[in-house]
Protein chains: 2
Amino acid sequence: MVKIKDVAEAAGVSTATVSRVLANKPHVRPEIQKHVLKVVKELNYRPNRVAQNLRSNTSKIIALVVSDIENPFFQRVSRAVDDAAYELGYIVMLCNTDENPAKEESCLNLLRDENVAGVILSPTQRAIEKFSEMPAMDMPTVIIDRHGKNLAIDSIHIDNVQAAHAITSHLIEHGYRRIGGVFGGNSITGSQRHEGFVRALKDHNIKPATDLIKFASPREEDGFDTTMNLLNMQDRPDAILTSNSLLASGVLLAIRECKLQIPGDIAFASFDDTTCAQLFEPAITVIDQPTYEIGRTATELLIKRIQDPTRSNREVVLKTKLIVRKSCGCK
Amino acid sequence: MVKIKDVAEAAGVSTATVSRVLANKPHVRPEIQKHVLKVVKELNYRPNRVAQNLRSNTSKIIALVVSDIENPFFQRVSRAVDDAAYELGYIVMLCNTDENPAKEESCLNLLRDENVAGVILSPTQRAIEKFSEMPAMDMPTVIIDRHGKNLAIDSIHIDNVQAAHAITSHLIEHGYRRIGGVFGGNSITGSQRHEGFVRALKDHNIKPATDLIKFASPREEDGFDTTMNLLNMQDRPDAILTSNSLLASGVLLAIRECKLQIPGDIAFASFDDTTCAQLFEPAITVIDQPTYEIGRTATELLIKRIQDPTRSNREVVLKTKLIVRKSCGCK
DNA sequence: CTGAAAGCGCTAACAT
DNA sequence: ATGTTAGCGCTTTCAG
């Protein structure tokens, strides 16, 4: 491997000069600069990022830590982060916490050990609560998808309560009354959407039936099982809302298993406008989140914070869109 | 930040001893070992991975470089890689090449600059061809999804030709004769599946109609556009096969746009058993790849190679499964 | 069994 | 404008 010393010798200058040229620092004679660059190219020299990192405490790696790598929401976000990071000369490290605080902590610590430049994080409930106690949190960080109320940190998210309220109200206004809710368990997102759901019911003078409200881990199988329970009740719901697309698949599978028609026998609505939601017959009414924009904005916020750690914190709230389709036609 | 020197001083030993203890090296008195460990814990010391990397040339980061981060196939693979890596104490860096050789090269170079421990790569055609000339390829590498014939490298993939042959034959045996093919353009995978498709036709004495064979970039919109062309022909196909799930969505959208029934008006089959393929009515006949296993195996192969760079290369070929569903019922 | 000291490849004072 | 040199935090000979 060719190192800076080799370049310096070949060019007949000191390593300091080579370093200056490569960093585009001033105080280098243009002719020398040119010559060094030529030698760099000839020798095919590439600076060792590890050494640069150790010496100057800078890194070109940012990390994206998500709670569920298989959720289409995060997949779309990570595409956006990857695009934006690449444009800005960074590469991204993707980590998955499975909504598991221990895994999250170990992951964050590892990232700090690696001295990454910053982190985009969808935190667990626990991380939000213990934020200040987590040593890893001295890294530049931006939080996505969730947020702590008064945390001194950049965050970007949607108004989950409002979005859930909107889509639930839509169901109610189309005549549905016994609405079942299947929410992601032990995630902030899930509980906020649950809150919006309950509020919408109350705002329409419907008493939330606790037996119609379920929490499940955000996986297809759990969505399926939970829904089967719901559908096997003596007085089954006339509509179901889920808080994410993984659960949605499970719900749909269960509805089919019970040979129920949508929306004739039961209406359905969900979060996240996936291809599947569009392709399904009837197409699914959903809350569409600006996923790509969330990822891009998060990356840009993070890079800005890396460049200026003292800048004031921002909380960006992005608008969602209710996309009305056939899956909850009038009752 | 507490460093090894702090630990050494607090424990009344040298940094060398602390290092030995932490690396579980022999020749340390048990009592000293115990004491050092205690101090490490008290001080909450964590070794700086960057310094370790620089000094000893070892890293705990492996990279996963995929051609399309939005393809469910790679998403499932990356979940598997992430799981396996985590278990083995590594973290993974995810990069996306968009099937773009320039982006791929720049990404690989960056990874080498960062001195990552190894790479799992779904290479572009060009990378396979120019393999030996790519400086980045001195990293431990395992290739997934694609493979070069006589490359001295670990690889893991399925038999694309055989799989495409099988699913095409299935269509033919169900009476379809004018079968359209929509394949991923400029990817090895796409062309191999195309090859299997053509072979199956020939083996059944059907002359491949060039106007029924299309290549598209693996995105929903391109699948849609391409299929619209196919469906607007005077003598449209009676069945369509696509080589990946992103294209499949586009095809399905186009078929709906033309108000055609599956399989009544037109049959459909594809690669990759996604949730969507199961949920769609009628459910889609697909070739199911062992995606999770591909990711796990790749990770395990990579770590083994990292630990022993001299070990002989392996080419692992995994079996696929034809899952027959309603989308190509008898004509 | 343990410590002193040399460097991994680079950057940034500090000299000149 | 350029070179000299001292580390960044760690591991690893080499002595003892």
Side-chain angles (χ1 to χ4, degrees), chain A residues 1-37 39-40 43-61 109-117 135 138-139, chain B residues 1-37 39-40 43-61 109-117 135 138-139:
Chain A
M1 240 204 59
V2 26
K3 23 200 185 182
I4 199 170
K5 209 174 152 209
D6 302 324
V7 176
E9 279 166 13
V13 297
S14 74
T15 62
T17 301
V18 178
S19 179
R20 282 191 195 103
V21 169
L22 259 21
N24 252 314
K25 293 257 164 93
H27 310 307
V28 180
R29 257 164 52 214
E31 45 193 292
I32 298 248
Q33 151 138 331
K34 215 172 207 168
H35 180 225
V36 168
L37 252 18
V39 174
V40 163
L43 264 44
N44 217 332
Y45 168 70
R46 298 187 58 105
N48 180 324
R49 285 266 359 142
V50 178
Q52 287 184 324
N53 186 341
L54 179 60
R55 175 61 228 233
S56 61
N57 235 301
T58 62
S59 166
K60 284 299 193 182
I61 302 181
N109 281 333
L110 265 176
L111 257 13
R112 207 176 66 136
D113 298 342
E114 296 284 357
N115 198 30
V116 301
D138 56 358
M139 294 185 279
Chain B
M1 240 203 58
V2 27
K3 24 199 185 183
I4 200 169
K5 209 176 153 205
D6 302 324
V7 177
E9 279 167 12
V13 296
S14 73
T15 61
T17 300
V18 178
S19 179
R20 282 189 196 104
V21 169
L22 260 21
N24 252 313
K25 292 257 163 95
H27 311 306
V28 180
R29 257 163 51 215
E31 44 191 293
I32 299 246
Q33 150 136 330
K34 216 172 207 167
H35 180 227
V36 168
L37 253 18
V39 175
V40 163
L43 264 45
N44 217 333
Y45 168 70
R46 298 186 57 106
N48 180 324
R49 284 267 0 141
V50 178
Q52 287 184 323
N53 186 341
L54 178 61
R55 174 60 229 232
S56 60
N57 235 301
T58 62
S59 166
K60 283 302 193 181
I61 302 180
N109 281 333
L110 265 177
L111 256 14
R112 207 177 66 137
D113 298 343
E114 297 283 356
N115 199 31
V116 300
D138 56 358
M139 294 185 280

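Naming: A, B, ... by sequence-line order, numbering from 1 per chain. Heavy atoms only: backbone and side chains are in, while hydrogens, waters and symmetry mates are out.
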Under 4.0 angstrom between A:Q52 side-chain N/O and C:dT11 OP1 or OP2: yes
Ion pair A:D113/B:K60, N-O distance below 4.0 Å: no
Closest heavy-atom contact between B:P47 and B:Q52? CB-NE2, 3.4 Å
Expressed in angstrom and rounded to an integer, what is the separation of B:Q33 atom CD from C:dC1 atom C1'? 13 Å
Interatomic distance, A:N53 CG vs D:dG9 P [rounded to whole Å]: 11 Å
To the nearest 0.5 Å, atom CZ of B:R112 lies from atom CE of A:M1 at 6.5 Å
To the nearest Å, give me how far apart CD1 (A:I32) and C1' (D:dG3) are. 11 Å
Just by distance, no angles: are the side chains of B:N57 and B:N115 close enough, under 3.5 Å, to form a donor-acceptor pair? yes
Which part of the nucleic acid does B:P26 contact within heavy-atom distance under 4.0 Å: base, sugar-phosphate only, or nothing? nothing
N/O (side chain, A:K25) to phosphate O (OP1/OP2, D:dA1) under 4.0 Å: no
Closest non-hydrogen atom pair, A:T15 against A:I4: O-CD1, 3.7 Å
Let's see if you can work this out: which of D:dC10, D:dC8, C:dA13 has an atom nearest to the side-chain heavy atoms of A:L54? D:dC8
Want to settle it: does B:V28 or A:K3 sit nearer the 5' end of DNA chain C, counting the closest nucleotide to each? B:V28
Euclidean distance, atom CG of residue A:D6 to atom P of C:dC8 [Å, nearest integer]: 11 Å
It should be established whether B:S19 places a side-chain nitrogen or oxygen under 4.0 Å from OP1 or OP2 of nucleotide D:dT11. yes
Can you identify which nucleotide, out of D:dT11, D:dA6, D:dG3, has its nearest atom closest to the B:T15 side chain? D:dT11
Between A:R29 and D:dT2, does any side-chain N or O lie under 4.0 Å from OP1 or OP2? yes
A:K5 NZ to D:dG3 P, straight-line distance once rounded to whole Å: 15 Å
Can you identify which nucleotide, out of D:dT12, C:dC14, C:dG9, has its nearest atom closest to the A:R20 side chain? C:dC14
Rounding to a whole Å, what distance do you find between B:H27:NE2 and C:dT2:P? 11 Å
Atom pair distance, as rounded to whole Å: CD1 in B:I4 and P in C:dA5: 17 Å
Just checking B:T17: base, sugar-phosphate only, or nothing, at a heavy-atom cut-off of under 4.0 Å? sugar-phosphate
By the 4.0 Å heavy-atom rule, please label A:V13 as base, sugar-phosphate, or nothing. sugar-phosphate
A:Y45 side chain, from C-beta outward: closest of C:dC10, C:dA12, C:dT2: C:dC10
Between D:dA1 atom P and A:H35 atom NE2, what is the distance in whole Å? 19 Å
